[in-house]
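Okay, so here's the structure we're looking at.
Heavy-atom basis, side chains included; hydrogens, waters and symmetry copies ignored.
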Amino acid sequence: RAALAGAYGFGFVGPFGHTWYKWLDRVSGAWSRGPGLSRTAGKLALDTFTFGPFSVAVLFVHMGLGEGESPQVIRRKLEEDLLPTVLLDSAFWVPFQCANFTLVPPRHNLLAVNLACLADSCLLSWAKHADVASLLHGAWGRRMPPQEPGGEGEAGGAAAPRPGPG
């Protein structure tokens with residue numbers, strides 16, 4: 001797992017991140033001159049809604065292929081856990097990137113991101129191997145019925161009723 005995560009960082013995050021952050025700084029200069037709230041907010045929005053989901057999807061595919069998973073298993077993981085993982089990952093990255101884009105000179109944004117990736121890699125490695133959607137639903141008070149292999153909910157495809165209040 002560590003070798004696959006390292007290959008992801010070296011082969012994708014490094015080269016793509018370098019290009020992404022140079023482009024992001026150049027594009028953000030089109031709508032805002034100098035540092036400021038509009039520049040930071042624009043960078044944060046583009047990074048969160050573009051780079052974030054794309055990089056998590058690439059990680060899931062890369063790790064799945066590297067671990068010998070079938071395309072069907074990888075697709076199911078993307079369908080079930082991409083959005084919940086991006087939301088969970090955003091809880092880490094949005095505050096970090098807000099500080100990064102505000103306090104760190106643009107030429108050092110990728111370096112700051114690479115350092116933060118050490119912590120985030122642990123989170124994403126866990127997410128790749130966990131049922132993130134069910135865990136997050138449970139954390140928000142919505143208990144999900146256990147999933148049967150190849151089916152929804154309990155045997156026969158019927159979901160178990162959720163207990164009501166009281």
Cationic N near anionic O, under 4.0 Å, D81 to K77: yes
Counterpart residues, side-chain contact (heavy atoms from CB on, under 4.5 Å), relative to A99 (two or more places apart): L103
T50 side chain to D47 backbone, donor-acceptor under 3.5 Å: no
Heavy-atom donor-acceptor pair, R26 side chain to Y21 backbone, under 3.5 Å: no
Beyond-backbone contact of Q97 with N109, side-chain heavy atoms, under 4.5 angstrom: no
Close side-chain approach of D25 to R39, heavy-atom, < 4.5 Å: yes
Same apolar cluster: L65 and Y8, side chain cutoff 4.5 Å: yes
Considering all heavy atoms, the nearest V86-G52 contact: CG2-O, 4.5 Å
Heavy-atom closest contact (C98 atom, L44 atom, distance): N-CD1, 4.0 Å
Results of side-chain contact (heavy atoms from CB on, under 4.5 Å) for A7 - residues two or more places apart only: H62
Hydrophobic cluster membership, V27 vs L110, 4.5 Å side-chain cutoff: yes
Residue list, side-chain contact (heavy atoms from CB on, under 4.5 Å) with P105, at least two apart or on another chain: R107, H108
Partner residues of N114 under the side-chain hydrogen bond (donor to acceptor under 3.5 Å, both in side chains) criterion, sequence neighbours left out: none
L59-V73 co-clustered via ILVMFWY side chain contacts under 4.5 Å: no
Interatomic spacing from CG in L46 to CZ in F101 - rounded to 0.5 Å: 9.0 Å
Pairwise distance CG(L83) to CG(L78) - rounded to 0.5 angstrom: 12.0 Å
Separation between CD of E69 and CZ of F60, rounded to the nearest 0.5 Å: 10.0 Å
hydrophobic_cluster_shared for V56 and I74, side chain cutoff 4.5 Å: yes
Salt bridge (charged side-chain N to carboxylate O under 4.0 Å, His left out) contacts touching residues 93-106 (sequence neighbours left out): none
Where L82 and P53 come nearest, the two heavy atoms and their spacing: CD1-O, 4.0 Å
Cluster overlap L111 with F51, hydrophobic side-chain contacts below 4.5 Å: no
Sequence-distant partners of F54, side-chain contact (heavy atoms from CB on, under 4.5 Å), two or more places apart: F12, F16, V58
S90 to P95 - nearest heavy-atom pair and separation: O-CD, 3.7 Å
Nearest-0.5 Å distance, CH2 of residue W20 to OG of residue S55: 10.0 Å
Heavy-atom check, side chain of T48 versus side chain of W93, under 4.5 Å: no
